[in-house]
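Below is one structure, written out as structure tokens; the observations come after it.
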Amino acid sequence: MASSIASSAPSLSLQLPSNKGRVKLSSCDSNAFIKGDKRNAAFKLQSFSRVSMVATVNVSRFDGISMAPADPILGVSEAFKADKDEKKLNLGVGAYRTEELQPYVLNVVKKAENLMLERGENKEYLAIEGLAAFNKVTAELLFGADNAVLKEQRVATVQSLSGTGSLRLAAALIERYFPGAKVLISSPTWGNHKNIFNDAKVPWSEYRYYDPKTVGLDFEGMIADIKAAPEGSFILLHGCAHNPTGIDPTPEQWEKIADVIQEKSHIPFFDVAYQGFASGSLDKDASSMRMFAARGMELLVAQSYSKNLGLYSERIGAINVVCSSADAAARVKSQLKRIARPMYSNPPVHGARIVADVVGNPELFNEWKEEMEMMAGRIKSVRQLLYDNITSKDKSGKDWSFILKQIGMFSFTGLNKAQSDNMTDKWHIYMTKDGRISLAGLSAAKCEYLADAIIDSYYNVS
């Protein structure tokens, strides 16, 4: 009888009286059930030999976990891939593209990879702090090889998982050794900054940065908020090419920012994701951070090579902590290593060797600078062309000059969420909902199309 019931009702199972985790069915005529007779709606089956039928309920231990929302930046690329329209354009993710809108692998990167193959290097684990040659050249690139902070060994440099991983390491250091200290973040900022500090349980607040009326810098608001912050706060600053706005302080404004930070005993925390890629000059793009270091200030600098060397998927970067003494730097580095060990153990070697070879080899280094100038130049050219197209089509007298005043791979268009949605829904142009577009994903051939979309969205959608 038991086998017959099981074969005719595969969704049910037989069980002895212990019914943990199962729903017991009440008794009824078993023969009627086997024949598919459902006259007795309550399924009152009689028990035979104390065997009862029960329905298995598959309850997951993970039922309490909800579906996470799509990432506001990476989700744009997913939506773009699903779009079948031929006119579609992905201006969401900040990744450099050629004029044909194809990913670009730098020639110096290919040469460095060939050097690795020729040397026959192995894939052994790196030390926790990363590749020594990488750490040396990356700190020199950031501060300048002759900088006193390097000569005096006052910089703790640890290779990490690109800019995100470097920021996360620093956040963990702040949470552990500066309990209760707050991080001030620009409003707006890169979408992942808040996630990083939330995940590290570091409190944060915002300082004013963007002025929607001028589509420019709210410098007075920025200064006021930094002054009002609790003494000893960490002030997160974008070293160059502010993401998402593309709006940077002038050299004179940087000096005033440094004045206020020193007066309040704050700690500057630079995110340098675009050195050399913003202006085409490595030194110019590091000038703000170097000015703070020259004042004798202790500071943190997170670095990334995703953009300037195109090493997006290699996850290569570093966290640098400038200290007041070599002894303090040694202690800070030891604790950064201690934090990294249980987090990811040690960083990847492939991209680190590329950076060490490119930056450490004068011939490759010069070639790299030429390629960066080329990439930065292409972005500047489409920025200019976009401006030219918009101003030639819009006869309202609106001032679009903010497009040219911004720098780097992004442009903050001033479009609101509804207007940005129109860009996607009607024009198949994918961008973040705060109005940011990546000019690195724009070609000269698409500038007029983008200009038409921006004008339509700005004037016809409220």
message: If I compare all heavy atoms of Ala171 with all of Val202, which pair ends up nearest, and what's the gap?
response: O-CG2, 3.4 Å

query: Taking it one step at a time, do Thr138 and Gln303 satisfy side-chain hydrogen bond (donor to acceptor under 3.5 Å, both in side chains)?
result: CA-CA 9 Å; Thr138 197; Gln303 252 174 313; 2.9 Å; yes

message: Can you tell me if Tyr125 has over 12 outside heavy atoms packed within less than 6.0 Å of its OH?
response: no

message: Between Arg97 and Gln102, do the side chains contain a donor N or O and an acceptor N or O under 3.5 Å apart?
response: no

- request: Apply the test ring pair (Phe, Tyr, Trp, His ring centres under 6.0 Å) to residues Trp204 and Phe234: give CA-CA distance (whole Å), side-chain angles for both, the deciding distance (0.1 Å), then the verdict.
  value: CA-CA 9 Å; Trp204 57 268; Phe234 288 80; over 10 Å; no

query: Would you call Lys87 and Asp85 a salt bridge, using N to O less than 4.0 angstrom?
result: yes

message: Looking only at the side chains, is there a donor atom on one of His428 and Glu86 sitting less than 3.5 Å from an acceptor on the other?
response: no

Short side-chain donor-acceptor distance under 3.5 Å, Asn198 and Asn195: no

field: Side-chain ion pair, Glu220 and Lys256, N-O less than 4.0 Å
entry: no

field: Heavy atoms from other residues, nucleotides or ligands near CZ of Arg338 exceed 12 (cutoff 6.0 Å)
entry: no

Per-pair distances, 0.1 Å, donor-acceptor, side chain in residues 322-330, under 3.5 Å, sequence neighbours excluded:
unit_1	atom_1	unit_2	atom_2	d
Ser324	OG	Glu298	OE2	3.4
Ser325	OG	Ala328	N	3.1
Asp327	OD2	Arg331	NE	3.0
Asp327	OD2	Arg331	NH2	2.9

message: I'd like to know if Lys88 pairs up with Asp83 as an ion pair, taking the criterion as any Lys NZ or Arg NE/NH1/NH2 lying under 4.0 Å from an Asp or Glu carboxylate oxygen.
response: no

- prompt: Pick from Thr391, Asn389, Asp394: which one makes a side-chain hydrogen bond (donor to acceptor under 3.5 Å, both in side chains) with Trp400?
  reply: Asp394

task: For the pair Glu206 and Lys194, evaluate salt bridge (Lys or Arg N to Asp or Glu O under 4.0 Å) and give the outcome as yes or no after the intermediate values.
output: CA-CA 10 Å; Glu206 296 179 304; Lys194 295 175 183 178; 2.8 Å; yes

query: If we ignore angles and hydrogens, is there a donor and acceptor under 3.5 Å between the side chains of Gln419 and Tyr459?
result: no

- request: Indicate yes or no: does Lys264 engage Glu231 in a salt bridge with an N to O separation below 4.0 Å.
  value: no

task: Give a yes or no on whether Lys182 atom NZ has more than 12 heavy-atom contacts from other residues, nucleotides or ligands under 6.0 Å away.
output: no

query: Hey, are Lys405 and Asp248 close enough for a salt bridge, meaning a charged N less than 4.0 Å from a carboxylate O?
result: no

- request: Would you check if there is a donor-acceptor pair between the side chains of Asp283 and Ser281 at a distance under 3.5 Å?
  value: no

query: Are there more than 12 heavy atoms of other residues, nucleotides or ligands under 6.0 Å from atom NZ of Lys393?
result: yes

query: If we only count heavy atoms from C-beta on, is the Ile437 to Leu450 side-chain gap below 4.5 Å?
result: yes

query: Taking the side chain as C-beta and beyond, is there a heavy-atom pair between Leu237 and Ile261 under 4.5 Å?
result: yes

task: State plainly whether the residues Glu373 and Lys369 are in salt-bridge range, i.e. N to O under 4.0 Å.
output: no

field: Side-chain H-bond candidate by donor/acceptor type, His238 with Thr245, under 3.5 Å
entry: no

- prompt: Between Ser420 and Met431, what is the shortest heavy-atom contact and its length?
  reply: OG-CE, 3.8 Å

query: Between Asp421 and Lys417, does at least one N-O distance fall below 4.0 Å, as a salt bridge requires?
result: yes

query: How about Tyr209: does its OH atom have over 12 heavy atoms from other parts shown lying under 6.0 Å from it?
result: yes

message: Check the orientation of Tyr430 and Phe80. Use parallel for under 30°, tilted for 30 to 60°, and perpendicular for over 60°.
response: perpendicular

- request: Taking the side chain as every heavy atom from C-beta outward, state whether Asn422 and Asp456 have any pair of such atoms under 4.5 Å apart.
  value: yes

message: Pairing donors with acceptors under 3.5 angstrom, does anything connect the side chains of Gln384 and Asp388?
response: yes

message: Is there a side-chain contact between Ile407 and Cys240 in this structure, where contact means two heavy atoms from C-beta onward sitting under 4.5 Å apart?
response: no

field: Exercise: identify the closest heavy-atom pair between Ser160 and Tyr344
entry: OG-OH, 3.4 Å

Pair Tyr312 and Tyr96, ring centroids less than 6.0 Å apart: no

message: Taking the six-membered ring of Phe410 as reference, does the cationic atom of Arg436 (NZ for Lys, CZ for Arg) lie under 6.0 Å from its centre and within 45° of its axis?
response: yes

Under 3.5 Å side-chain donor-acceptor pair for Asn135 and Thr157: no

field: Atom NZ of Lys227: over 12 foreign heavy atoms under 6.0 Å
entry: no

- request: Kindly assign one of parallel, tilted or perpendicular to the pair Tyr305 and Phe134, based on the angle between their ring planes and the thresholds 30° and 60°.
  value: perpendicular

message: Any carboxylate oxygen within less than 4.0 angstrom of a Lys/Arg side-chain nitrogen, looking at Lys111 and Glu363?
response: no

- request: Over 60° means perpendicular and under 30° means parallel, so classify the ring planes of Trp190 and His193, tilted if in between.
  value: perpendicular

- request: Return yes if a side-chain donor-acceptor contact under 3.5 Å exists between Arg341 and Ser345, otherwise no.
  value: yes

- prompt: Can a salt bridge be assigned to the pair Asp357 and Arg119 using a cut-off of 4.0 Å between side-chain N and carboxylate O?
  reply: yes

message: Checking side-chain polar atoms at under 3.5 Å, does Glu367 have a donor or acceptor matched by the opposite partner on Asn107?
response: no

Closest non-hydrogen atom pair, Gln159 against Gly130: OE1-CA, 3.3 Å

